[in-house]
Structures are given as C-alpha cells and as structure tokens.
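Source: prediction; values computed, not measured. No hydrogens, no waters, no symmetry mates; every other heavy atom, side chains included, goes into these values. In what follows, chains carry the letters A, B, and so on, assigned in the order in which the sequence lines appear, proteins first and then strands, with residues in each chain numbered from 1.
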Amino acid sequence: MALNITDSLTGAIARALKDLYGVEQSPASIALQDTRRDFRGDYTLVVFPYVKQARKSPEAVAAEIGEAVKAALPEVAGYNVIKGFLNFEIADSYWLHFLAERAGQSDYGLVHPTADAAPVVVEYSSPNTNKPLHLGHIRNNLLGWSVSQLLAAAGANVKKVNLVNDRGIHICKSMLAWLRYGNGETPESTGMKGDHLVGKYYVEFDKHYKEEVKQLMESGVEEEQAKREAPLMVEAQQMLKRWEEGDKEVRALWEKMNGWVYAGFDETYDRLGVGFDKVYYESQTYLLGKELVQKGLDMGVLFRKEDGSVWCDLTGDGLDQKLLLRKDGTSVYMTQDLGTALLRHKDFGAERLIYVVGNEQDYHFKVLKLILGKLGFPWADKVYHLSYGMVELPNGKMKSREGTVVDADDLIDEMERTAEEMSREHGKNDELSPEEQKHLYHILALGALKYFILKVDPTKNMLFNPAESIDFNGNTGPFIQYTHARIRSIVRKAGSASALDTEHVALNEKERGVLKVLHSLPETIASAANAYSPAMVANYAYELAKAFNSFYQDTPILREENQQLKTMRISLCAAVASALKNTMNILGIEVPERM
RNA sequence: GGCCCUGUAGCUCAGCUGGAUAGAGCGAGAGUCUUCUAAACUCUAGGUCCUGCGUUCGAGUCGCAGCAGGGUCACCA
C-alpha cells in the first residue's frame, strides 16, 4: 500500500493495454485526470486514444480495462464507464492508509535535498542603490524567495544570491545632488530611512538637471546635445570617472551613502521576510568577464573590429551582433554578466543558475545563454531566466515622473494598518499580548500582499489594485491563514490523538474531497518547481483551504460521538493544517495559530 | 518595421502534457451563527474562451493568418 495510487493505476492500465490489445504504452505516458465532480469516481482514464488499436467500441475498451485494473488492484473498489471515460473508484481504506501513513507526516509533500545534490543558484532582488524599493521590486523579491523555497521543497540545494548594483552614473547623481543641495543631511538628522534619503537626492538631481537642459535648449542648443552637456550631467560623469580612478573623497562619500541605502534595504528585506546566502556587489564584479572575452577571442568565437571593440556575432542564431568590450577596452553589462555567471558557477559548484529578472530583459538573457554556450560552458543551457511580467496599476504603469510609483515601505505600512483595523473589527484577538497582536497584524498584512502577488502566473503582467490587495476575504492569503488558525484551534482542543482505524471507517464525500486534494500535494510541488511557479502552489493552498472549509462547515469533528470517526477527522484536520503551513511557507507566508 | 509575450464572466485570475456540460474570487441577488473561530459556508444570475481558417474521433489548449495590448531591438543596466 506504500505505492501511490496514481502510479499503481497507470502501471495496471499499461499492463491491461498490453495484455488485452498488445498496445505498448509506458505508465508515465498514461494521463490520468481527476474525475469531474458531477461523476462518480476519483480518477479517470480517457480511452479514446486506444480504441483504434483495440478495434472495439470505447465503452467496451473502458469496461475491459476497468475490469482488469479492478482485478489487479485491491485499492480499486469499483469503476464506471460513461462513453469513453473510465472512472475508477478508490477504496476508503486506501485514503485512510494515506492519511495515517503519509499525509500525517509533518514534512508530507516535501522532498529533502540529498547532501550531494548540486547547488542551484537563484539570483533575485538585484537593486540599484540610488533609490528605495518599489512595488516592482516587491514582486521580484517575493518571487525570488518563493521560487527558492519551492525548489528546496522539491529537493534542490538552493543558494540565494543578490547582485547589488552599487556603482555607476545613477549613484553619482544622488551623490552629486546631496553634495550640492543636501546641507549635510543624514538619516539620523532627518529621521529618514537611508534609502529614501538617497532616493530623495536622486529626484533632486533630476529636477535641477531638467532645468539646466531646458535652459540650454532655450538658448538654442539641440536636445541631444543639451542632455549631454548640461553642467550637472558633465559633473556626474566626472564623478564617475573619479570613482573609477579610486579618488578617496568620492569613494568615501560613495561608501557613506551606500551604507545608508543598505541599512534601509536591510530593513525592507527584513519586513518582507527575504534574505540571501551571499550578496555580490557590482563594484567588485564589474571588471569580471574580460578574461572570458580574451578566451573567446582565442577560441575564435568573438572578433575584434577595426576600432578595437570586441563583438560576438549572433547572426547565425537569428540575432544581431553583440558588443562585449568598448573600443576603450571597458566592459558592458553583458561582459559583467558573463563574468558573474562563471564566478557563481565556481563559488557554489552550481549546476543551474536562475535569474529572477523582469521580462524586459528577455533579450539580454537569450544572448547571455548563447554566448556562454559559444564560450564552451556545458552548463550554459542550465541558465534559466525566470522572466516575470510587469506590475501595473489600475491607471497604468508606474512612472516615477508622474509620481505613481508605489513605494515598498509605504505599501507594507498601509497593509499593516489595514490588517490591524480588520482584526480589531473582528475583535477575536483581544486576549493576545500587544506583541502578539503586532506580530499577527504583520503576518496578516504580508500574507495578503504576498499571496496577492504570488497567486498570479509569474510570466504574466499583473494588475496591482491596492483596494483588492488588502481584501481579506475570498481567494486571499488571510483566508488561508484563517483556515489554518481555525484548524489549529480544533487540534489544540482535541489533545493527544489515538490511533487511526484504517479499516472500519467510512468516508463521506467532503472527507474524500479533502484527502484527494492532500494526495496531490507532492505532484503539485514537483510540477510547480518544474515550472518555477509559486502561483501553482498558491492555487493549491487555496483549493485545499476551500475543500477543508466545505468539510468543516457541515461535519462535526470534536462533537462527533463515534470515536473512530472523531479520531479520523482530527487526523484529517492536523494533516490539512500541516499542508497549509508547508505550502504557505513556500510562498514565504507565515500562518498564525489563532486570529 | 524585425523578434518576444499576452488576449477566458462586469473586474482580477485558474484551466498541467489536447478529452465529459470552461472554473474560482471580487462585484450583484438570496439564504445559514443558543452548537468545534461566520475573516466561513450554501445557492442564483453572469461566457461568440479576441476573430477566421486548419490539424484531430475530440481544440480555451496545437498550427497558420489577422486584430488588439505590452515588451524589446544601446558602446544603459
């Protein structure tokens, strides 16, 4: 009985096909589906694909296979045939054994990584240090964390890394504006979070810069030229140059302001509940990749133009030529990324490299993979760009110019306030200590936010409607958290459980429904990991919570007088609570014991 | 213009490798708390699955064409 029923079924069906009709079909290729609710049964085989070779009617084929499978498997209590659909009915004892032996385990559905599993490196977040995090970063961070959790739950040895873009012209803009207009402001003196303070000066730069450009244009200078020659831009460029030369003064300012930003980011990461095994800084990696370019030149897969610049010819792959070194020998983004990919591969002995980066960089990663392949790295095809869609607002895209950017910290604050209001309205948590209440509001707020974002397919653009995101009813994080809290309340009251009788208990429809959802957890995690899709896990958790609530609504548990039934139902409760906790944990969402 | 992605209920989204009468939530309407947490449950209304052609016993799902929206085609990252 240890074998999974779906595996048993496909195995038995494969044998029946061979014995009855001489049809060779591997068990893995036999597609079983869940029986639709309106029909009797648990799993359905569609026999149409086999009727031709069997030379019989669909009904006859279904009946013959049904009979053979029933004879072969004691877990199959019966079957029924409707047209070409063969519905298998699974014995209650199977579900009860499943509950007692597997679903009841606290780590049910999770695959523990083996010690020798090759590490998988997931890069996510990767912020610039010139302004605070916004809603777009939130999707990135939540996805990155969750996919890491998901891959780990599927048995991978995951390393989470962050590549902070801590250098470049944008940082210099903030620095310059702070020098000019900052009057020595610090996070301490203003009480502002460091990343917000630096962001403020980035905006300040832009304001004054635009003014300069405007004035130049009014004096008859072409726009292109004005943008290039505005004094502030020239000065920012000079500052970048001084930075690259290691100018002490510039470096000191750079370190000071980046330090403010990191303190701010850490706070936001902390609130979001995300973290990293290793943080890379571009200031330390931006020179990487040059040796790779030399190697590519030696191999003949790259070429040098007359002006000295180095390129990769991708026209054979249907793409263009890609620059890798400028004529002055400096590297570009692609060059760095080639270098950091190799670094990461070496640092961790990684087999797979996963990049959680928005879909506006699809082209970049396509090229990155191709070039790594041309450079002869066998792991190039294991580079995976987890390309996620943009977050849009009800009135369109976020535009910093129009001030429609949703700030990450503000959003979390807002969610926490709402969570507190909602909770106070319900008045169920008055007996909790103030600390416990605060913690509860926090995990409810983040549960709502995370679930709202993670439940949609990562590859798709999504609409972030603030009003809906703080909804706590229906298909939301708090709905699932609430379901968990209710169950835990029952399990606490039940006390210690007695042994489950797996032979003399009859299941009702609702119980069987819950067990079937529980039963599909391992395959859900496997396919979600395969698709890099936390959304599939979110949908699963919702399905499970719904199935449970429906059961809970009209089935007595602690009030049940039949002890065997009562024990079984309590076990079912415990198993659901545990599965909800584990799946929500994959999403990075904490579930409360009470709420 | 080339390439890529998306198009399912009023709104936001599910629909896995093609399979029975396309599903949820929100919103609208109607019920269910002296009983294990009603942040819940139950029911009703709501659909040319963008359009057309094709492949197939069978298409929301696959192919082609078109329409609409988005992204991208930097010596930026």
Donor on one side chain, acceptor on other, T44(A) and T35(A), under 3.5 Å:
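Result is yes, a qualifying pair exists.
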Any strand counts, and the cut-off is 3.5 Å on both contacts for Watson-Crick or G-U wobble. Which nucleotide pairs with C64(B)?
G52(B)
With [atom1] as the reference atom in both, quote the distance from [N] to [M] in angstrom, rounded to an integer.
{"N": "A9(B)", "M": "U44(B)", "atom1": "C1'", "value": "15 Å"}
{"N": "G66(B)", "M": "G29(B)", "atom1": "C1'", "value": "41 Å"}
{"N": "C3(B)", "M": "G10(B)", "atom1": "P", "value": "34 Å"}
{"N": "G54(B)", "M": "U42(B)", "atom1": "P", "value": "43 Å"}

Side-chain N,O (K455(A)) to OP1/OP2 (G25(B)) below 4.0 Å
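No, no such contact exists.
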N or O in side chain of N539(A) less than 4.0 angstrom from A24(B) OP1/OP2:
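Checking N539(A) against A24(B): no side-chain N or O falls below 4.0 Å of OP1 or OP2.
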Contact class for N530(A) (heavy atom, under 4.0 Å): base, sugar-phosphate, or nothing?
nothing
With a 6.0 Å cut-off on ring centres, are Y333(A) and H364(A) close enough?
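Yes; H364(A) has its ring centre under 6.0 Å from that of Y333(A).
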Check: Y451(A) ring centroid to F479(A) ring centroid under 6.0 Å
no
Is the shortest side-chain heavy-atom distance between Y388(A) and N140(A) below 4.5 Å?
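Yes; the side chains approach each other to less than 4.5 Å.
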Distance, rounded to the nearest Å, where L323(A) contributes CG and C75(B) contributes P:
6 Å
Pairs in or reaching into residues 441-457 of chain A: which pass salt bridge (charged side-chain N to carboxylate O under 4.0 Å, His left out), with residues at least two apart or in two chains?
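Not a single pair qualifies under salt bridge (charged side-chain N to carboxylate O under 4.0 Å, His left out).
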Please determine whether any donor N or O and acceptor N or O are separated by less than 3.5 Å between the side chain of D320(A) and the base of A74(B).
no
Does the A40(B) base have a donor-acceptor partner in the side chain of T483(A) within less than 3.5 Å?
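By the distance-only test, no, there is no pair.
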Summarise protein proximity over nucleotides 28-38 of chain B in one line of letters, 5' to 3': B for base, S for sugar-phosphate only, - for none, counting protein heavy atoms closer than 4.0 Å.
-------BBBS
Would you list the protein and nucleotides 4-7 of chain B atom pairs, both N or O, that sit under 3.5 Å from each other?
{"from": "G7(B)", "atom 1": "OP1", "to": "K460(A)", "atom 2": "NZ", "distance (Å)": "3.4"}

Test ring pair (Phe, Tyr, Trp, His ring centres under 6.0 Å) on Y532(A) and Y384(A) and set out the steps.
CA-CA 10 Å; Y532(A) 302 96; Y384(A) 182 79; 4.1 Å; yes
